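To keep things clear, I will list the structure first and then write my remarks on it.
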2 protein chains.
Amino acid sequence: MDLEKSIAALNNPVRRRILEWLKDRSNFPPALPEHADLDGVCVAYIQEKAKLSQSTISNYMGQLKQAGFVVGERHGQWTFYRRHEENIRSFLAAFQDEMLKS
Amino acid sequence: MDLEKSIAALNNPVRRRILEWLKDRSNFPPALPEHADLDGVCVAYIQEKAKLSQSTISNYMGQLKQAGFVVGERHGQWTFYRRHEENIRSFLAAFQDEMLKS
DNA sequence: TCCATATATCGAAATATCTCGATATACCGC
DNA sequence: GCGGTATATCGAGATATTTCGATATATGGA
C-alpha cells in the first residue's frame, strides 16, 4: 500500500468520478447477455461516460489498478474493471491515520 | 470545502509531513520566551525541518492554508501556523463519503 | 488465416507543479 | 526614518501530468 501513489491516483476529478460510478453498475449501459454473469464494467463504457479518449481511460484505469482501487479482469477481448472495496477501505484507514493519529 | 484543492494540497509528501509535524509542537525547537503563550510554529522552524527554501515553505503553507488544513496567525514579524483540526476532520469525512457512500 | 473489435502502450504537445533565488512587504527596535 | 529580521510574492527553469492520435497486442469469429 503506497500512500503516495494512491493519493496521486485520486488527485484527478475524472479518476475519482470513475471510482464513484463503479459503485453502481447501473451507472453504465447494461452488460451484453454473454457478460451478464460477470462483475465490472468494460473500458469502452467507462470511456463513453467520461468522454475522454480510449487511451486516456485505459491509462486512468491502469493508474487506479496500480493504486489498488480497482481490479481488472480480462474476459475475451474485454477487460472488466470493478472496485476493490477492501483496498479502498484500507487506504482510507491509513490516510486517516496519517492525518489524525498522534 | 473544495475537495479538489484539498486533495491537491495533500498530493505532496512534504506538505503531508508538515501536517504531521504540526500535530506536536515538540517536533520543533522551543518557542522564544516572548512567544511561549502562542500556539503554532513559525515558518523558519518548518523550513529548517523540511530542508527546503524559505519561499517554497511559505508557498506550501499558503497552499495548506487555502485548503483549510492550517491557520496562520501573524504576531509581529512572525506567522505562526497550526493545524485546523476541525477542517481536517471534515475534509476526511467528505472524502470518505465520496469514496464509499452509495 | 484474415478481419474486426477491445484494450494497452507509445510518443508528443499542452499544461501544471515543484522549487529555487531574487525581490517585495511587513514589522520591530534604535 | 533606517537597518535588520521574518515572511510573502514574483519569475523562471526543471520536471511531472494530462490528454491525444497512432500504433501494437490480444482475442474471437468467418
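Computed over heavy atoms, backbone and side chain alike; hydrogens, waters and symmetry mates excluded. A, B, ... follow the sequence lines: proteins, then strands. Residue 1 opens every chain. Computed from a predicted structure; not experimentally measured.
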- Message: Counting the atoms with a prime plus P, OP1 and OP2 as sugar-phosphate, which does B:Tyr81 contact under 4.0 Å by heavy atoms, base, sugar-phosphate, or nothing?
- Response: sugar-phosphate

- Message: With a 4.5 Å cut-off on side-chain heavy atoms, are A:Phe69 and A:His84 touching?
- Response: no

- Query: What's the CZ-P distance between A:Arg74 and C:dT7, to the nearest Å?
  - Reply: 7 Å

- Query: According to the interplanar angle, ranging from 0 to 90°, do the rings of B:Phe80 and B:Trp78 count as parallel (below 30°), tilted (30 to 60°) or perpendicular (above 60°)?
  - Reply: tilted

- Query: Tell me, which of residues 7-26 of chain B have any heavy atom that sits under 4.0 Å from an atom in DNA chain D?
  - Reply: none

- Item | Check: B:Asp2 main-chain N/O paired with B:Ser6 side-chain donor or acceptor under 3.5 Å | yes

- B:Met61 and B:Ile46: CA distance, side-chain angles, deciding distance, side-chain contact (heavy atoms from CB on, under 4.5 Å) verdict: CA-CA 9 Å; B:Met61 298 317 294; B:Ile46 299 170; 3.9 Å; yes

- Query: So does A:Lys65 have more than 12 non-hydrogen atoms from other groups sitting under 6.0 Å from NZ?
  - Reply: no

- Task: Ignoring hydrogens and angles, tell me if any N or O in the side chain of B:Asn87 forms a donor-acceptor pair with the backbone of B:Gly68 under 3.5 Å.
- Result: yes

- How long is the line joining CD of B:Gln63 and P of C:dT17, in whole Å? 8 Å

- Query: Side chains of A:Ser58 and A:Ser55: donor-acceptor distance under 3.5 Å anywhere?
  - Reply: no

- Apply side-chain contact (heavy atoms from CB on, under 4.5 Å) to A:Glu73 and A:Thr79, showing your working. CA-CA 5 Å; A:Glu73 212 168 295; A:Thr79 304; over 6 Å; no

- Note on the structure: Outermost contacting nts on DNA chain D, any atom under 4.0 Å from chain A heavy atoms, listed 5' then 3', are D:dT18 to D:dG28

- With a 4.0 Å heavy-atom cut-off, tell me which residues in residues 27-54 of chain B come close to DNA chain D, sorted by residue number. B:Cys42, B:Val43, B:Ala44, B:Gln54

- Message: Looking at A:Lys101 and B:Glu20, is there a salt bridge between them, counting it only when a charged N and a carboxylate O are closer than 4.0 Å?
- Response: no

- Note on the structure: Heavy-atom nearest nucleotide on DNA chain C taken for A:Gln77 and for A:Ile57; more 5' hit belongs to A:Gln77

- Message: A side-chain contact here means heavy atoms from C-beta on lying under 4.5 Å apart; do A:Leu100 and B:Arg89 qualify?
- Response: yes

- Message: Any base atoms under 4.0 Å from A:Thr79, or only sugar-phosphate, or nothing? Heavy atoms, all strands.
- Response: sugar-phosphate

- How far apart are the C-alpha atoms of B:Arg15 and B:Leu10, what are their side-chain angles, what is the distance that settles it, and do they pass the side-chain contact (heavy atoms from CB on, under 4.5 Å) test? CA-CA 6 Å; B:Arg15 285 192 294 266; B:Leu10 296 175; over 6 Å; no

